[in-house]
Amino acid sequence: IMNSFFSEFNREGFVGVARTDWLSKLSSGRLSGLRNEVEGSRDRALALGRHQVVVIDFEYEGTMRPIAVKYFGKQSGWKDRYDSKRGSKAARSFKAASFLEKNKISTPPALAYFERWEKGRLAESFYLSSYFDGFKNFRTELLEIYQSKGPCSKLVDLLEQVGKAMRRMHDAGFCHRDLGNQNIELLHGSNGEKDQVYFLDLNRGRIRKKLSM
């Protein structure tokens, strides 16, 4: 995971890994106040529930940009013990996204993960990635085809495109383990280019040298 673009950090009680240029622009107190920012940004929510995903503006690459922030809810003690050894959901999301990006499998590029522990319990954890405006959920696309009753060729083309993307992901050695159609997004192409298939919600995934049938 680590390269010249990313740095480990210990700041404001949080530890993690972040894109170096993003971290250098982060104002003091921003990390410790991020939970409140997430709670106050529900008008820009992508997902609500125990794990929340909202869009928040941060400075990186010299300008203010929207970033997808996933805040993981608290969990049981045995899951905290598991995560202390195997890595938190935020850390696993970051690792998986970095692996997919390295293998040219589309997922929103990872920017950072950070977490705060208190007496062996995971108090807070966040995963940050680039935000793409214009994503269309695979489930939504399927429903629109079904509800409009075709054409069948559109459905076949869509299934083939998503299937090929899944095959590339599996050939690279990544098993998603939560690959419902709600975790597959399409970014519509322009100038005749094909739509691009993106995979989200990676924290349950496993990286292997080779996957079984």
Side-chain angles (χ1 to χ4, degrees), residues 1-3 5-42 44-60 65-101 107-132 174-180 182-183 198-207:
I1 295 173
M2 298 299 297
N3 56 44
F5 294 105
F6 289 92
S7 304
E8 293 181 344
F9 69 91
N10 186 332
R11 183 172 171 178
E12 298 175 38
F14 289 90
V15 295
V17 175
R19 186 168 147 163
T20 306
D21 61 343
W22 176 85
L23 188 63
S24 67
K25 299 293 184 181
L26 198 63
S27 58
S28 178
R30 192 79 189 270
L31 294 184
S32 57
L34 190 54
R35 179 178 178 180
N36 290 333
E37 276 197 73
V38 169
E39 295 289 345
S41 301
R42 294 197 170 192
R44 302 177 74 185
L46 303 176
L48 292 174
R50 192 164 69 90
H51 305 318
Q52 302 174 49
V53 185
V54 302
V55 179
I56 296 177
D57 294 324
F58 285 87
E59 182 178 355
Y60 78 102
R65 295 191 179 195
I67 289 176
V69 178
K70 186 167 188 177
Y71 168 59
F72 293 94
K74 289 189 176 182
Q75 55 191 20
S76 64
W78 75 266
K79 286 187 176 180
D80 281 349
R81 289 191 293 274
Y82 176 88
D83 284 1
S84 68
K85 297 176 181 178
R86 297 292 298 273
S88 67
K89 291 183 175 70
R92 298 198 301 268
S93 297
F94 181 88
K95 182 179 180 180
S98 300
F99 176 84
L100 292 183
E101 190 173 5
T107 192
L111 294 176
Y113 86 86
F114 48 96
E115 55 198 36
R116 181 173 62 84
W117 292 81
E118 291 181 350
K119 298 179 180 179
R121 298 301 303 271
L122 185 58
E124 294 180 274
S125 61
F126 300 85
Y127 169 64
L128 281 65
S129 67
S130 298
Y131 169 71
F132 291 100
F174 186 76
C175 180
H176 190 285
R177 300 179 75 239
D178 190 21
L179 196 56
Q182 77 282 1
N183 289 329
Y198 284 76
F199 298 104
L200 309 181
D201 201 8
L202 308 175
N203 62 273
R204 295 184 183 180
R206 296 289 186 269
I207 298 170

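Computed from a prediction, not measured in an experiment: that's the story for all the values here.
Remark: side-chain polar atoms of H51 are paired, donor with acceptor, to backbone N or O of G73 under 3.5 angstrom. Under the 3.5 Å distance criterion, the side-chain polar atoms of D178 are left unmatched by any main-chain donor or acceptor of D201.
Contact record, A112 with Y127: O-CD1, 3.5 Å, taken as the closest heavy-atom pair. Across every non-hydrogen atom of Y82 and R92, the tightest pair is CE2-NH1, 4.0 Å. Across all their heavy atoms, D57 and R30 have their closest contact at O-NH2, 2.9 Å. Taking each heavy atom of S93 and L202 in turn, the nearest pair found is O-CD1, 4.3 Å. The shortest heavy-atom contact between W22 and L31 is CH2-CD2, 4.4 Å. Here the closest heavy-atom approach between residue S125 and residue E115 is recorded as CB-CB, 3.9 Å.
Two residues are said to be in side-chain contact when any heavy atoms from C-beta on lie closer than 4.5 Å; D83 and Q75 meet this criterion. Within the 4.5 Å cutoff, the side chain of Y71 has no heavy atoms near those of the V54 side chain. Side-chain contact between L111 and F58 is absent, with no heavy atoms from C-beta onward closer than 4.5 Å. Residues V15 and N10 are in side-chain contact: their nearest non-hydrogen atoms beyond the backbone lie under 4.5 Å apart. At a threshold of 4.5 Å between non-hydrogen side-chain atoms, the residues K74 and R121 do not count as touching.
Below 30°, between 30° and 60°, or above 60°: for Y113 and F94 the angle between ring planes is between 30° and 60°, a tilted geometry.
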Stepwise side-chain contact (heavy atoms from CB on, under 4.5 Å) check, E124 with F14: CA-CA 9 Å; E124 294 180 274; F14 289 90; 3.6 Å; yes
Please assess Y198 against F132 for the test ring-ring contact (aromatic ring centres under 6.0 Å, His included), listing each intermediate value before the final yes or no. CA-CA 10 Å; Y198 284 76; F132 291 100; 5.4 Å; yes
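Exactly one residue among L128, V53, L46, L200 makes a side chain to side chain contact (heavy atoms under 4.5 Å, CB included) with K70. That residue is V53. When each of R11, E12, E59 is paired with L26, the side chain to side chain contact (heavy atoms under 4.5 Å, CB included) condition holds for R11 and for no other.
No more than 12 heavy atoms of other residues, nucleotides or ligands sit less than 6.0 Å from atom CZ of R204.
Residues K119 and D80 are not paired through a salt bridge, judged by the lack of any N-O separation under 4.0 Å between the basic side chain and the carboxylate.
At least one cation-pi condition fails for R44 and Y131: the charged atom is not both under 6.0 angstrom from the six-membered ring centre and inside a 45 degree cone around its axis.
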